[in-house]
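Working notes for the structure below.
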Protein chains: 4
Amino acid sequence: MSETLSTRDRLIANAARLFQERGYHGVGVAEILAASSAPKGSLYYHFPNGKADLALAAADWASVQLLHILDDAFADARDFQDGITTLCFKLAKLFDLSDHWRTCPISSILFEAPENVMFRDKTRTIFDDWIAAVAAKGREHGLEKSHADQLAEAIWITLQGAWNLARARKSADPIRKIPGLVFGA
Amino acid sequence: MSETLSTRDRLIANAARLFQERGYHGVGVAEILAASSAPKGSLYYHFPNGKADLALAAADWASVQLLHILDDAFADARDFQDGITTLCFKLAKLFDLSDHWRTCPISSILFEAPENVMFRDKTRTIFDDWIAAVAAKGREHGLEKSHADQLAEAIWITLQGAWNLARARKSADPIRKIPGLVFGA
Amino acid sequence: MSETLSTRDRLIANAARLFQERGYHGVGVAEILAASSAPKGSLYYHFPNGKADLALAAADWASVQLLHILDDAFADARDFQDGITTLCFKLAKLFDLSDHWRTCPISSILFEAPENVMFRDKTRTIFDDWIAAVAAKGREHGLEKSHADQLAEAIWITLQGAWNLARARKSADPIRKIPGLVFGA
Amino acid sequence: MSETLSTRDRLIANAARLFQERGYHGVGVAEILAASSAPKGSLYYHFPNGKADLALAAADWASVQLLHILDDAFADARDFQDGITTLCFKLAKLFDLSDHWRTCPISSILFEAPENVMFRDKTRTIFDDWIAAVAAKGREHGLEKSHADQLAEAIWITLQGAWNLARARKSADPIRKIPGLVFGA
DNA sequence: CATGAATGAGCGTTCATTCAT
DNA sequence: AATGAATGAACGCTCATTCAT
């Protein structure tokens with residue numbers, strides 16, 4: 001990650017990436033610190049509650065990244081289906097670039113953390129925010145609210161499942177086939 | 001778990017349950033041993049390669065459980081959609097009973113394990129076996145092969161995604177709504 | 001080792017070789033059993049006191065081997081110095097063949113064992129027996145008893161030291177230079 | 001060991017002594033930590049590669065001790081033989097004080113360690129350094145270089161072998177008789 | 001605002017041994 | 001005479017965290 005970022009931001013970005021690859025328990029704080037070129041004690045300066053705090057911040061950061069990708073996908077979209085198709089191809093490309101491994105950063109980070117009410121609540125919030133953002137894109141392209149909400153949730157569910165299958169098959173095909181599944185063949 | 005099971009089987013069943021709840025790295029072998037009333041060294045007698053071996057065996061065991069649930073769901077099914085609906089309600093009930101936490105045992109066990117070729121290969125095999133089993137049910141109820149295959153894969157993707165959303169929302173509703181998504185409202 | 005040996009003899013021969021390479025604590029009974037194609041429980045049938053018993057038997061066996069090499073070296077010896085020179089070249093060759101690692105089997109086995117009176121006593125007995133055997137060769141070739149005894153002890157001391165230096169230098173040269181040291185250049 | 005030493009130095013000194021007594025595999029890190037009044041994790045702070053790192057540091061430390069003993073022995077030496085005689089008597093006394101057990105610390109530490117290229121290389125380096133230091137003493141007392149080198153190597157070989165025999169016999173006599181062997185009776 | 005030395009509970013694993021058969 | 005399943009203490013090591021500076 002760029003050296004122009006602050007120590008705090010480097011910790012967050014590296015934590016997000018590493019957790020996405022190997023899960024909350026699969027990555028030690030020492031590895032995150034080393035990847036961020038941060039000294040041992042600095043984690044607890046920036047995140048007083050330690051690893052859990054950092055994971056929550058990393059999930060927030062990853063959520064913002066996902067919303068940026070959504071916005072980019074819809075920047076030149078002719079209609080809703082076109083925007084979603086672009087989105088899926090963007091996510092598929094990222095997946096291909098990650099050795100067919102990095103899937104949903106939120107699920108990767110938060111579902112593997114200790115069964116903690118704060119972790120689960122944040123997951124729900126981020127999921128719902130993303131679904132709402134997709135639904136908003138639908139309404140912007142003329143869909144009725146209830147239809148947009150339904151489609152957005154279906155897209156999110158399908159994306160989550162496609163990520164899992166793509167990871168198992170080492171292939172982004174399931175991600176690219178999402179529009180076909182959601183909008184009909 | 002029942003005391004009538006062998007030490008090996010108790011280890012597998014407890015490992016499957018605990019990994020499903022907190023992931024491969026989130027559960028220590030000491031906890032699995034304690035839950036199984038097995039002494040420390042017996043794990044390595046039954047599973048010479050240790051925790052990784054046990055996780056693979058637990059994934060196999062969980063896969064068999066999932067296939068049994070599928071068979072049960074189709075025992076009295078009028079048609080394919082009826083069988084899938086029963087299946088989803090059975091899975092939703094299990095999810096409710098687990099404090100809204102236990103989702104796909106295969107993903108829970110194998111995606112959180114070390115990024116190991118053997119783990120990913122087994123995930124793909126079990127996923128594909130399950131999809132093939134669902135497709136077979138489809139053909140038994142008169143569906144054409146290509147249609148059955150497509151539907152089975154769509155069902156699996158949707159189930160995986162619905163499990164994720166259900167866990168975030170502490171509600172089995174997404175699981176119960178799978179038939180509506182896959183077969184059309 | 002040959003399959004014609006009894007389980008007991010295979011255990012002894014493999015234990016002697018493995019202890020010689022990595023010391024008493026450096027080799028586990030499981031490895032000795034595996035190398036001997038012997039079942040897990042059979043060690044305690046043949047050696048009721050376990051690993052320590054086996055190590056004592058292995059040291060005895062190695063001692064007999066060393067005495068055989070001594071006899072071979074003196075079979076055609078013109079005089080005492082000639083016999084010792086042949087002996088050193090034989091030992092140097094064995095050392096070369098062992099990747100420059102296997103030195104005195106007795107020291108390797110017994111000095112690394114737990115500080116046990118039985119282990120130390122056996123070491124002394126085997127050392128003294130070997131020195132006495134060399135002294136006997138001296139007397140057979142006309143040396144006076146006191147001179148033969150002194151030379152034999154000097155040879156043994158020099159051989160032990162040369163083995164150490166040879167191991168550190170990955171070269172049998174120190175072993176081949178023993179006659180020059182003991183008999184004068 | 002003195003409480004005024006740093007944790008790191010206490011670890012090294014205790015490790016050197018314990019390894020010298022029972023070999024690399026014969027001493028557990030827990031015992032070294034306990035002897036050093038150091039907590040479990042501190043070993044890996046000071047020696048990131050753990051037990052192997054500590055053994056290498058202990059060998060270096062022991063090497064320095066041996067060179068100090070050499071310097072002390074030659075502080076008031078009339079000639080080379082006198083210095084070597086003093087050295088042997090000093091080493092014999094240390095051997096007597098150790099319950100006739102502690103011999104060459106370098107061999108004790110490094111030959112019993114895993115067959116690792118780094119361990120063997122360090123053994124050779126320390127051996128050669130010690131031989132060179134003895135040869136330097138010889139030249140300081142008027143010996144020609146080639147003669148000094150030969151004598152130094154012979155002294156080292158004889159010392160190693162004498163240590164082995166002394167240990168087996170529970171007697172420092174072989175160590176005290178080294179000058180007679182090397183310089184002629 | 002930042003650091004790195006220090007901590008001890010816990011990690012997955014290996015150990016020599018025992019025992020019922 | 002021989003076996004392999006079972007055992008739990010001990011192994012070397014990693015962990016997230018604390019704290020004095």
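Per chain, numbering begins at 1; letters A, B, ... match sequence-line order.
Going from atom CD1 of B/Ile32 over to atom P of E/dC11 covers 10 Å, rounded to whole Å. Nucleotide E/dG12 holds its P atom 14 Å from the CG atom of B/Asp53, rounded to whole Å. For the pair B/Leu33 CG and E/dG10 P, the interatomic distance rounds to 16 Å; values are reported in whole Å. To the nearest angstrom, P of E/dG4 lies 19 Å from CZ of D/Phe47. A straight line from OH of B/Tyr24 to P of E/dC11 spans 13 Å, rounded to a whole angstrom.
Residue C/Lys51 is classed as a sugar-phosphate contact, given heavy-atom separations below 4.0 Å to backbone atoms only. In this structure, A/Gly50 reaches the sugar-phosphate backbone alone: every heavy-atom distance under 4.0 Å involves primed, P, OP1 or OP2 atoms, never a base. When heavy atoms are screened at a 4.0 angstrom cut-off, D/Gly41 is found touching base atoms of the nucleic acid.
Comparing F/dC13, F/dA16, E/dT14 by their nearest atom to the side chain of A/Tyr44 picks out F/dA16. Of the candidate nucleotides E/dG4, E/dC11, F/dA10, E/dG4 has the atom nearest to the side chain of A/Lys40. The side chain of B/Ser42 has F/dT7 as its nearest neighbour among F/dA10, F/dT7, F/dG12. With distances taken from any side-chain atom of C/His46 to the nucleotides F/dA2, E/dC11, E/dA16, the minimum falls on F/dA2.
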Please report the C-alpha distance between B/Arg10 and B/Thr7 in whole Å, then the side-chain angles of each, then the deciding distance to 0.1 Å, and finally whether the side chain to side chain donor-acceptor pair (under 3.5 Å) criterion is met. CA-CA 5 Å; B/Arg10 273 181 287 126; B/Thr7 293; 3.0 Å; yes

Report the C-alpha distance between C/Arg17 and C/Asn14 in whole Å, list the side-chain angles of each, state the deciding distance to 0.1 Å, and finish with yes or no for side chain to side chain donor-acceptor pair (under 3.5 Å). CA-CA 5 Å; C/Arg17 178 177 51 82; C/Asn14 281 295; 2.8 Å; yes

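When both distances must be under 3.5 Å, the Watson-Crick or G-U wobble mate of F/dA9 is E/dT14.
Closest-nucleotide positions on DNA chain E for C/Val29 and D/Thr7 were compared, and the one nearer the 5' end corresponds to D/Thr7. Each of B/Leu43 and A/Pro39 was assigned the nucleotide of DNA chain E with the nearest heavy atom; the assignment lying further toward the 5' end belongs to A/Pro39.
Between A/Phe119 and A/Tyr24, the distance separating the two ring centers is shorter than 6.0 angstrom.
Taking the charged nitrogens against the carboxylate oxygens, B/Lys170 and B/Asp99 have no contact shorter than 4.0 Å, which rules out a salt bridge.
Counting heavy atoms from C-beta on, the side chains of D/Pro39 and D/Leu33 never come closer than 4.5 Å.
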